[in-house]
Amino acid sequence: MPLRLHDTRRRDKVAFTTMQPGKVSMYVCGVTVYDRCHLGHARCYLAFDLIHRWLEFSGFDVHYVQNFTDIDDKIINRANEIGGDWRALVEENIATYYEDMDALNILRADDYPRCTDYVDDMIRITQDLIDKGNAYQADDGVYFDIESAPEKYGALTGQSIEAVRSGAGGRVEGTGSTKKDHKDFALWKAAKPGEPTWESPWGPGRPGWHIECTAMSMDYFGAQFDIHGGGHDLRFPHHEAEIFQGECHTGCSPVVHHWLHNGFVNIDGEKMSKSLGNFWTISEILKSVDAMVLRFALINAHYRSPIDMNESLLKDAERNYNRVLECYVNSLKSMTSNSPISLPNPDITSKQPLSKSLGMLEKMGEGFAKAMDDDFNSREAVAKVLGAVREMSKTLSSGLDEIDKDAFAHYSVDWLEETAGLVLGILPTREFALLEPEEDPRKEQISSEVEELLILRTEARDSKDWDKADKIRDQLTQLGVVIVDSADGPTWDLI
RNA sequence: GCACGGAUGUCAGAGCGGCUAUGAGCGGGAUUGCAAAUCCUGAGACCUGAGUUCAAAUCUCAGUCCGUGCUCCA
């Protein structure tokens with residue numbers, strides 16, 4: 001089934017086409033490196049990681065470029081606040097960006113260009129826009145002239161020029177700029193005292209934000225490319241500005257063939273923002289939440305829908321993720337040979353349980369691919385994995401003979417490694433999965449005490465002294481220990 | 001105000017012309033002294049009104065309500 005995806009510009013799900021057969025050029029707006037990454041960044045780059053993975057899995061050769069915005073008002077301000085050098089701030093935040101994204105098992109892009117390496121290109125494009133009559137010089141920099149290409153206004157957000165004029169209300173006055181219209185955006189900002197600057201035909205200054213992505217994407221891909229992605233908030237003005245710049249500069253329309261935008265993360269029903277105090281950085285969350293559980297939670301939603309992050313969502317994710325992991329580990333352990341016998345034909349209508357089970361799994365595998373092909377519906381894909389996990393667990397514990405079980409386990413492992421592993425990126429390596437969990441040192445400390453109490457409890461239970469048994473259990477709870485009773489006697493773990 | 005998106009069981013949330021998912025919660029069952037954990041199983045929903053159709057949660061029109069953007073923001 002062919003891949004379809006939702007294009008923001010065309011406002012519809014469209015068939016995915018590439019300029020070159022089998023090759024995809026994909027540019028995603030990266031972070032402005034003035035601070036550590038937060039949950040919203042995780043969501044965004046996870047969304048495009050999944051898209052990246054699915055395209056590769058579908059056989060495309062993807063050239064994935066993601067930039068770092070390493071010069072910007074916020075960077076300068078932050079550096080001034082902390083009294084440090086802006087370059088050091090940039091380096092530090094790029095390093096932690098990689099740390100955070102690696103932790104979430106986000107595959108690296110092919111290239112991570114930095115804006116400051118492309119200033120010459122930006123100057124060249126700006127000059128060209130001036131020459132073509134799409135830009136003009138004002139007192140405080142060079143601006144793009146919206147009136148020179150009014151038909152491009154609202155390409156992504158559907159807003160008319162008039163609406164924005166009235167909607168902008170009182171915010172437009174008193175900026176002290178000599179730009180002609182408040183909608184005109186800066187291509188080049190004239191130097192202010194104490195700021196890093198570059199030489200240009202318009203005097204010392206630095207590039208505007210929007211021109212950066214245009215310069216970098218064109219350097220890698222030329223005048224046109226397949227996919228441009230970013231957060232929902234970037235549609236306006238950032239991406240519309242890119243359309244103005246790119247299309248006026250190259251004369252190509254469209255420059256970008258598919259615009260993809262991911263939805264936002266809310267916290268407990270509220271927008272995540274610093275002023276509300278619900279701003280979660282990735283490194284903070286990962287202190288209390290397993291990285292793969294967070295990944296699971298974030299891909300268990302369609303990339304375009306907003307996510308409401310809260311305790312129960314994470315709890316749900318943990319539970320479901322552990323279910324998948326446990327099934328994977330059990331399947332790995334059930335593989336007893338290197339050369340499994342061939343399995344019966346998958347047939348969902350068969351009376352033979354193994355054949356029927358394989359038929360179910362085959363169907364769920366098809367459902368998984370169909371879901372991903374339908375605008376990267378990872379939530380539906382996750383549902384298929386969970387359905388398959390249920391089926392696998394059931395079949396593995398259904399009393400198959402050794403040989404069938406081995407073969408079925410091989411099938412299950414392959415199934416999971418392809419879907420949950422390669423595409424969703426939530427499986428650990430085989431070696432890691434089979435590793436016995438490391439003992440918590442705190443467990444060691446109380447171990448003998450707990451074991452003693454458990455013996456007393458077992459004795460009490462044997463003599464049906466439930467009062468005493470329950471008191472001991474309360475005592476253990478106080479120690480922070482949870483008991484799991486099974487047919488083979490009680491086991492325990494830290495809460 | 002304008003623009004974009006949404007309204008599905010108790011909740012989260014897929015499906016988007018005929019069959020409805022997934023998970024939590026709740027009911028029943030197995031194991032169990034009880035609880036926890038695990039497994040099996042059951043009930044339960046498609047905002048309102050009109051239209052198209054043999055057939056509508058799904059398409060069309062109207063309405064109501066909600067979210068987001070229009071300002072640096074993933």
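All of these numbers come straight from a predicted model, not from anything done at the bench. Proteins get letters first, then strands, A, B, ... in listed order; numbering begins at 1 in each.
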In whole angstrom, give the distance that lies between atom [atom1] of [X] and atom [atom2] of [N].
{"X": "A/M309", "N": "B/rA12", "atom1": "CE", "atom2": "C1'", "value": "12 Å"}
{"X": "A/D308", "N": "B/rC66", "atom1": "CG", "atom2": "P", "value": "18 Å"}
{"X": "A/D465", "N": "B/rG33", "atom1": "CG", "atom2": "C1'", "value": "11 Å"}
{"X": "A/F185", "N": "B/rU71", "atom1": "CZ", "atom2": "P", "value": "14 Å"}
{"X": "A/Y321", "N": "B/rG23", "atom1": "OH", "atom2": "C1'", "value": "17 Å"}
{"X": "A/I472", "N": "B/rA35", "atom1": "CD1", "atom2": "C1'", "value": "15 Å"}
{"X": "A/K315", "N": "B/rC11", "atom1": "NZ", "atom2": "C1'", "value": "12 Å"}
{"X": "A/I307", "N": "B/rG13", "atom1": "CD1", "atom2": "P", "value": "10 Å"}

Atom [atom1], compared across [N] and [M]: separation rounded to whole Å:
{"N": "B/rC59", "M": "B/rC70", "atom1": "P", "value": "29 Å"}
{"N": "B/rC2", "M": "B/rA14", "atom1": "P", "value": "29 Å"}
{"N": "B/rG51", "M": "B/rC40", "atom1": "P", "value": "46 Å"}
{"N": "B/rA7", "M": "B/rG15", "atom1": "C1'", "value": "15 Å"}
{"N": "B/rU48", "M": "B/rA43", "atom1": "P", "value": "24 Å"}
{"N": "B/rA30", "M": "B/rA37", "atom1": "C1'", "value": "14 Å"}
{"N": "B/rC39", "M": "B/rG63", "atom1": "P", "value": "50 Å"}
{"N": "B/rC16", "M": "B/rU32", "atom1": "C1'", "value": "46 Å"}

Q) Taking C-beta and beyond as the side chain, do A/N105 and A/M292 meet within less than 4.5 Å on heavy atoms? A) yes
[X] vs [Y] aromatic rings, parallel, tilted or perpendicular, using cut-offs 30° and 60°?
{"X": "A/H41", "Y": "A/H38", "value": "tilted"}
{"X": "A/Y220", "Y": "A/Y118", "value": "tilted"}
{"X": "A/H239", "Y": "A/W259", "value": "tilted"}
{"X": "A/F244", "Y": "A/F185", "value": "tilted"}
{"X": "A/F68", "Y": "A/Y112", "value": "parallel"}

Is a donor-acceptor contact shorter than 3.5 angstrom present between the side chain of [X] and the base of [N]?
{"X": "A/R473", "N": "B/rC34", "value": "yes"}
{"X": "A/N300", "N": "B/rG23", "value": "no"}
{"X": "A/D485", "N": "B/rA37", "value": "no"}
{"X": "A/R319", "N": "B/rA24", "value": "no"}

So what does [X] hit on the nucleic acid, given a heavy-atom distance under 4.0 Å: a base, only sugar-phosphate, or nothing?
{"X": "A/H38", "result": "base"}
{"X": "A/Y45", "result": "sugar-phosphate"}
{"X": "A/G231", "result": "sugar-phosphate"}
{"X": "A/G263", "result": "base"}

Q. Quick one: do A/K189 and A/D140 make a salt bridge, cutoff under 4.0 Å?
A. no
Q.
Salt bridge or not between A/D49 and A/R295? Use side-chain N to carboxylate O under 4.0 Å.
A. yes
Below 3.5 Å between N/O atoms, which protein atoms pair up with nucleotides 14-22 of chain B? Just atom names and distances, please.
from, atom 1, to, atom 2, distance (Å)
B/rA14, OP1, A/S305, OG, 3.3
B/rA14, O3', A/N377, ND2, 3.0
B/rA14, O2', A/E380, OE1, 2.2
B/rG15, OP1, A/N377, ND2, 2.9

Q.
Determine whether the aromatic ring of A/F236 stacks with the base of B/rG69, defined as ring centroids separated by less than 5.5 Å and ring planes inclined by less than 30°.
A. no
Q) Which residue lies toward the 5' end of RNA chain B, A/A469 or A/P237, if each is placed at its nearest nucleotide? A) A/A469
Q. More 5' along RNA chain B: A/D72 or A/V484, using each one's nearest nucleotide?
A. A/V484
Q) Is it the case that A/Q66 and A/Y97 place a side-chain donor and acceptor less than 3.5 Å from each other? A) yes
Just the atom pairs and distances: protein N or O near nucleotides 26-32 of chain B's N or O, under 3.5 Å.
none

When you get a sec, tell me which of [options] is the closest nucleotide to the side chain of [X]?
{"X": "A/R457", "options": "B/rG33, B/rC4, B/rA24", "result": "B/rG33"}
{"X": "A/L313", "options": "B/rC72, B/rA12, B/rA74", "result": "B/rA12"}
{"X": "A/V265", "options": "B/rG33, B/rC4, B/rA74", "result": "B/rA74"}

Q.
Tell me if the centroids of the rings in A/H210 and A/H238 come within less than 6.0 Å of each other.
A. yes
Q: Step through it carefully: locate the ring centre of A/H258, locate the ring centre of A/F16, and say whether they are under 6.0 Å apart.
A: yes
(Q) Is the terminal nitrogen or CZ of A/R108 (NZ for Lys, CZ for Arg) located under 6.0 angstrom from the six-membered ring centre of A/Y98 and within 45° of that ring's axis? (A) yes
Q.
Please determine whether the number of non-hydrogen atoms from other residues, nucleotides or ligands lying under 6.0 Å from atom CD of A/E326 exceeds 12.
A. no
Q. OP1 or OP2 of B/rA24 sitting under 4.0 Å from any side-chain N/O of A/R323?
A. yes
(Q) Treating A/S378 as the side-chain partner and A/A381 as the backbone partner, does any N or O pair qualify as donor plus acceptor under 3.5 Å? (A) no
Q | For RNA chain B, the dot-bracket pattern of Watson-Crick and G-U pairs whose distances stay under 3.5 Å, | for other-strand partners | A | (((((((..(((.(...[.).))).(((((.......)))))....(((((..]....))))))))))))....
